[in-house]
**Student:** 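Supplied in C-alpha cells, the structure appears directly below.
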Amino acid sequence: YLARKAYKAGIRFFDTARAYTDSEVKLGEAFDGIRTEVYIATKTAAQNAEDFWKDLQISLRNLRTDYIDLYQFHNPAFCPKPGDGSGLYEAMQEAKAKGMIRHIGITNHRLAVAHEAIDSGLYETLQFPFSYISGEQELELVNKCKAANMGFIAMKGLSGGLITNSAAAYAFEAQYDGVLPIWGVQRESELDQFLQCIREGVELTDERKATIERDRKELCGEFCRGCGYCMPCPAGIEINQCARMSLMLRRAPAAAWLTEEWQQKMHQIENCRHCGHCMSKCPYGLNTPELLQANYKGSARGQQGGEMKLDFSQKYAVRPLTARDVDKILALCAENEQFYRYHPPLATRESVLEDMTALPPGKCAADKHYLGFFDRETLVAVLDLIERYPQDDTAYIGFFMTKKERQGRGLGTALIGELLDELRREKFCKVRLAVDRGNPQSKAFWEKNGFALMGEEFPHGDSAYLPMERAL
C-alpha cells in the first residue's frame with residue numbers, strides 16, 4: 001500500500017535489499033504490472049560469486065522482474081574489484097552483460113571503503129549515511145562523488161530515528177545536487193510528511209537552521225545509529241536499540257519503549273561479556289559496551305521521566321507526548337486562538353515537533369517533560385516543563401494550555417495544583433515561567449495560582465515576556 005501510494009504521488013526510485021526480510025516480496029507485489037515505470041535498487045551481501053548468483057536469482061524472483069535497475073554490494077568490508085580473488089565484481093559485470101542488472105553500485109558505512117570505491121571508477125553510485133548531523137568527512141564524499149560524476153544515495157537521513165524534524169532533514173538534503181535521499185519510510189504518516197515536502201517545496205529557513213544547530217550540539221560525538229551490523233550479540237542483547245535507548249526515549253519517545261518487555265531487554269545489558277564482538281563489527285568504531293552501560297543508566301532515568309513521577313494527577317492519565325500526538329496537539333492549540341493573538345504565529349506540525357525536543361542552554365533531554373493530560377483518548381492539556389532550570393531548586397514551565405471547551409471549570413487550576421504538589425514532593429523550591437505582556441488573561445490565570453511578577457521583562461518580537469515565579 002505505501003509503495004503504491006508513493007508511486008501514485010510521483011516517487012519512482014525504490015531501494016531494498018535481500019537482507020530486508022520480505023521487503024523485496026512486497027515491492028514485487030506493489031509494482032507488478034508497472035515494472036517499467038519504476039527504478040528498483042536492491043543489494044547483495046554475498047562474499048563470493050556463488051552466493052552472488054544465488055542472491056541475484058532470489059531477488060529477481062521476489063521482485064517479479066527479469067532485471068534490476070541498480071544492483072549494489074551491501075556494506076562489504078572491502079571494495080570489490082576485478083582480480084581481487086572474490087569473484088564478486090566479475091560476477092557483477094557478467095550480470096550486467098546479460099541484462100540482468102543495468103547499473104552497478106556499492107553501499108557502505110566505512111569511509112575508507114567509500115573513498116576506495118569512488119577512486120576506483122568501477123561504481124556508478126555510492127550509498128552512504130548522510131544527514132544534517134553528519135560531519136565534514138561525509139560531506140567530502142558527497143563532493144567527491146559529484147566531481148567523479150557518480151550518484152550519491154543518502155541513507156540514514158533521519159539518523160535512525162534520532163532526527164525528528166522531517167522538514168529540516170528534507171531541506172538540508174535538497175541543498176546538494178546529485179544527492180538522492182532514501183528515507184526508510186515505515187508508516188503512512190511518515191510518507192505523508194515527505195510527500196508534503198515534495199509537493200510544497202521546503203526551504204532551509206533560519207528556523208530550520210536553528211533546529212539543525214541544536215540537534216548537532218545534542219548529537220555530536222559518539223552515538224549509535226542503529227544500523228545493526230553488530231548483531232547478533234552472543235549475550236542476546238538487542239544492541240542496535242539498547243545502545244541508543246536514552247536518546248530514543250527523549251528524541252523519539254514511544255509507549256513501546258516503556259513496556260515491561262523493553263525494560264527486560266535493557267536489563268539484558270547486565271549480561272554483556274565484553275567480548276569485543278560488537279566493537280569489531282561497528283562501522284563507526286564505537287566502544288559499544290561503554291555505550292550500552294551509559295544507555296542502561298540513562299534509560300532508567302528516562303523511563304522514570306527524570307525526577308518527576310508521571311502518576312501525579314488523580315483524574316487524568318499523564319504521559320510524554322510523541323510525534324503520533326501532533327494532530328491532537330494542533331487541534332487543542334487551534335481552539336485557543338486568543339492565546340495566539342498575543343503569541344503568534346499559530347502552532348504548526350513543524351513547530352510542535354520542535355517544541356517536543358527544544359531545550360534551554362545547559363540542559364539535556366533527560367531534564368525535559370513534554371506531557372499530555374488525557375481523559376481516556378481526549379487530550380485535555382499540554383505541559384512543557386524543564387527540571388532544575390534556571391537554578392537547581394527551580395522548575396520552569398515553558399508552555400501550558402488546556403482544551404478550550406473545558407476552560408472556566410477549574411481544570412487548569414486543578415492540574416497546576418497537582419503539578420505543584422508533585423514538584424514540592426520532589427524537593428523543588430520554586431516554579432518559574434513567563435507570560436506575554438499583552439495577554440491579561442494569561443497573567444490573571446497565573447496570579448490566581450499564586451505566581452507573582454519578578455525581575456525585568458525581556459523582549460519577544462514586537463512585545464515582551466513578563467517573568468513570574470511561585471515559591472513552593
**Student:** Strictly by modelled atom types, are Thr107 and Gln72 linked by a side-chain donor-acceptor pair under 3.5 Å?
**Tutor:**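 Their side chains do not contain a donor-acceptor pair, so the 3.5 Å distance test is not met.
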
**Student:** Say you draw a straight line from CG of Leu158 to CD1 of Ile163; how long is it, rounded to the nearest 0.5 Å?
**Tutor:**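 These two atoms lie 6.0 Å from each other.
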
**Student:** Would you indicate whether the side-chain heavy atoms of Ile68 and His103 approach each other to under 4.5 Å?
**Tutor:**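 A side-chain contact under 4.5 Å is absent here.
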
**Student:** Apply the side-chain contact (heavy atoms from CB on, under 4.5 Å) test between Ile40 and each candidate in Leu70, Leu63, Thr65; give the one that qualifies.
**Tutor:**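 Testing each of Leu70, Leu63, Thr65 against Ile40, the sole residue satisfying side-chain contact (heavy atoms from CB on, under 4.5 Å) is Leu63.
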
**Student:** Among residues at least two apart in sequence or on other chains, which ones pass ring pair (Phe, Tyr, Trp, His ring centres under 6.0 Å) with Phe128?
**Tutor:**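 Partners of Phe128 under the ring pair (Phe, Tyr, Trp, His ring centres under 6.0 Å) test: none.
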
**Student:** Which residue pairs pass the side-chain hydrogen bond (donor to acceptor under 3.5 Å, both in side chains) test with at least one member in residues 375-386, sequence neighbours excluded?
**Tutor:**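 Found Lys368-Asp384, Asp375-Arg406.
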
**Student:** Show your working on salt bridge (Lys or Arg N to Asp or Glu O under 4.0 Å) between Arg319 and Asp325 and close with a plain yes or no.
**Tutor:** CA-CA 11 Å; Arg319 66 166 174 81; Asp325 300 307; 2.8 Å; yes

**Student:** Apply the test side chain to side chain contact (heavy atoms under 4.5 Å, CB included) to residues Ile329 and Met356: give CA-CA distance (whole Å), side-chain angles for both, the deciding distance (0.1 Å), then the verdict.
**Tutor:** CA-CA 11 Å; Ile329 299 169; Met356 285 182 178; 3.7 Å; yes

**Student:** Could I get the full list of side chain to side chain contact (heavy atoms under 4.5 Å, CB included) partners for Asn62, not counting sequence neighbours?
**Tutor:**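 Side chain to side chain contact (heavy atoms under 4.5 Å, CB included) check on Asn62 returns Arg18, Glu24, Val25, Ile58.
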
**Student:** Using side chain to side chain contact (heavy atoms under 4.5 Å, CB included) as the criterion, list what pairs up with Ala6, not counting sequence neighbours.
**Tutor:**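 Checked Ala6 against side chain to side chain contact (heavy atoms under 4.5 Å, CB included); matches are Ile11, Phe14, Leu191.
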
**Student:** Please report the closest heavy-atom contact between Ile118 and Cys145, naming both atoms and the distance.
**Tutor:**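 What the structure gives for the nearest pair is CD1-SG, 3.6 Å.
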
**Student:** Where is the tightest heavy-atom contact between Pro129 and Ser134, given as atom of each residue plus distance?
**Tutor:**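 Scanning both residues, the minimum pair turns out to be O-OG, 4.2 Å.
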
**Student:** So, is the end of the Arg102 side chain (NZ or CZ) under 6.0 Å from the ring centre of Tyr67 and within 45° of the ring's axis?
**Tutor:**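 Positive - Arg102 is close enough to the ring of Tyr67 and near enough to its axis.
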
**Student:** How about Gln137: does its CD atom have over 12 heavy atoms from other parts shown lying under 6.0 Å from it?
**Tutor:**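 No, because the 6.0 Å sphere around CD of Gln137 holds 12 heavy atoms or fewer from other groups.
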
**Student:** A cation-pi test, strictly: NZ or CZ of Arg437 under 6.0 Å from the centre of the six-membered ring of Tyr342 and no more than 45 degrees from its axis. Yes or no?
**Tutor:**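 Cation-pi check for Arg437 and Tyr342: fails.
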
**Student:** Is there side-chain contact between Arg432 and Pro390, with at least one heavy-atom pair below 4.5 Å?
**Tutor:**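 Yes, close enough: below the 4.5 Å cut-off.
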
**Student:** Does the gap between the ring centers of Tyr465 and Phe458 come in under 6.0 Å?
**Tutor:**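 Tyr465 vs Phe458: aromatic centres under 6.0 Å.
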
**Student:** Does the ring centre of Phe400 sit less than 6.0 Å away from the ring centre of Phe339?
**Tutor:**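 Aromatic pair excluded; centres sit 6.0 Å or further apart.
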
**Student:** Report the C-alpha distance between Arg4 and Asp32 in whole Å, list the side-chain angles of each, state the deciding distance to 0.1 Å, and finish with yes or no for salt bridge (Lys or Arg N to Asp or Glu O under 4.0 Å).
**Tutor:** CA-CA 10 Å; Arg4 274 280 186 168; Asp32 194 21; over 6 Å; no

**Student:** Using ring pair (Phe, Tyr, Trp, His ring centres under 6.0 Å) as the criterion, list what pairs up with Tyr170, not counting sequence neighbours.
**Tutor:**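 Scan of Tyr170 (ring pair (Phe, Tyr, Trp, His ring centres under 6.0 Å), adjacent residues dropped) gives none.
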
**Student:** Output yes when Glu261 and Lys265 qualify as a salt bridge under the 4.0 Å nitrogen-oxygen rule, no when they do not.
**Tutor:**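 Between Lys265 and Glu261 there is a salt bridge, with a charged N closer than 4.0 Å to a carboxylate O.
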
**Student:** Can you list everything that forms a side chain to side chain contact (heavy atoms under 4.5 Å, CB included) with His277? Sequence neighbours excluded, please.
**Tutor:**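 Pro234, Cys275, Lys281.
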
**Student:** Give a yes or no on whether the ring-centroid distance for Tyr370 and Phe399 is below 6.0 angstrom.
**Tutor:**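 No.
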
**Student:** Not counting sequence neighbours, which residues clear ring pair (Phe, Tyr, Trp, His ring centres under 6.0 Å) with Tyr229? List them please.
**Tutor:**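 Ring pair (Phe, Tyr, Trp, His ring centres under 6.0 Å) list for Tyr229, sorted by chain: His109.
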
**Student:** Check Gln127 against Ile182 and note the closest heavy-atom contact, atom names and distance.
**Tutor:**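 Closest approach of Gln127 to Ile182: OE1-CD1, 3.2 Å.
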
**Student:** Give every residue pair that meets the side-chain hydrogen bond (donor to acceptor under 3.5 Å, both in side chains) criterion with at least one member in residues 330-340, sequence neighbours excluded.
**Tutor:**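 Every pair satisfying side-chain hydrogen bond (donor to acceptor under 3.5 Å, both in side chains) with a residue in residues 330-340: Glu335-Lys403, Asn336-Gln407, Gln338-Gln441.
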
**Student:** Lys26 and Glu29: salt bridge (Lys or Arg N to Asp or Glu O under 4.0 Å), yes or no, with the steps?
**Tutor:** CA-CA 5 Å; Lys26 289 176 179 175; Glu29 293 175 0; over 6 Å; no

**Student:** My understanding is that only residues two or more places apart in sequence, or in another chain, count here; which of them pass side chain to side chain contact (heavy atoms under 4.5 Å, CB included) with Ser23?
**Tutor:**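 Applying side chain to side chain contact (heavy atoms under 4.5 Å, CB included) to Ser23 gives Thr16, Tyr20.
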
**Student:** A side-chain contact here means heavy atoms from C-beta on lying under 4.5 Å apart; do Tyr123 and Met150 qualify?
**Tutor:**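 Side-chain contact under 4.5 Å: yes.
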
**Student:** With the threshold set at 4.0 Å, does a side-chain nitrogen-carboxylate oxygen contact exist between Lys5 and Asp192?
**Tutor:**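 Yes.
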
**Student:** Minimum heavy-atom separation for Cys233 to Ile239, with atom names?
**Tutor:**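 Smallest heavy-atom distance, with atoms named: CB-CD1, 3.6 Å.
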
**Student:** With no hydrogens and no angle check, just 3.5 Å: does a side-chain donor-acceptor pair link Tyr316 and Glu418?
**Tutor:**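 No, Glu418 and Tyr316 have no side-chain donor paired with an acceptor closer than 3.5 Å.
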
**Student:** Would you say Tyr39 has more than 12 foreign heavy atoms packed within less than 6.0 Å of its OH?
**Tutor:**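 Atom OH in Tyr39 is not packed in, count stays at 12 or less.
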
**Student:** Nearest heavy-atom pair of Arg208 and Ala167: which atoms, and what distance?
**Tutor:**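 Heavy-atom minimum between the residues: NE-CB, 3.8 Å.
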
**Student:** Test: salt bridge (Lys or Arg N to Asp or Glu O under 4.0 Å). Region: residues 141-154. Which pairs qualify, not counting sequence neighbours?
**Tutor:**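 Matches after skipping sequence neighbours: Asp119-Lys144, Lys146-Asp177.
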
**Student:** Does one side chain, of Asn439 or Arg341, offer a donor that lies under 3.5 Å from an acceptor on the other?
**Tutor:**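 No donor-acceptor contact under 3.5 Å links the two side chains.
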
**Student:** Restricting to non-hydrogen atoms, name the atom on Ala41 and the atom on Phe13 that form the minimum distance, rounded to 0.1 Å.
**Tutor:**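 Between these two residues, the closest heavy atoms are CB-CZ, 3.6 Å.
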
**Student:** Is there a side-chain contact between Arg12 and Tyr7 in this structure, where contact means two heavy atoms from C-beta onward sitting under 4.5 Å apart?
**Tutor:**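 Arg12 reaches Tyr7 side chain to side chain.
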
**Student:** Can you list every pair that meets ring-ring contact (aromatic ring centres under 6.0 Å, His included) and has a residue in residues 180-219, with sequence neighbours left out?
**Tutor:**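 Only Trp183-Phe194 qualify under ring-ring contact (aromatic ring centres under 6.0 Å, His included).
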
**Student:** Under 4.5 Å between any side-chain heavy atoms of Val326 and Leu353, yes or no?
**Tutor:**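 The answer is yes, as the side chains (C-beta and beyond) meet within the 4.5 Å cut-off.
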
**Student:** Once ring pair (Phe, Tyr, Trp, His ring centres under 6.0 Å) is applied, do any residues pair with Tyr396, and if so which ones, sequence neighbours excluded?
**Tutor:**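 Listed in chain order: Tyr389.
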
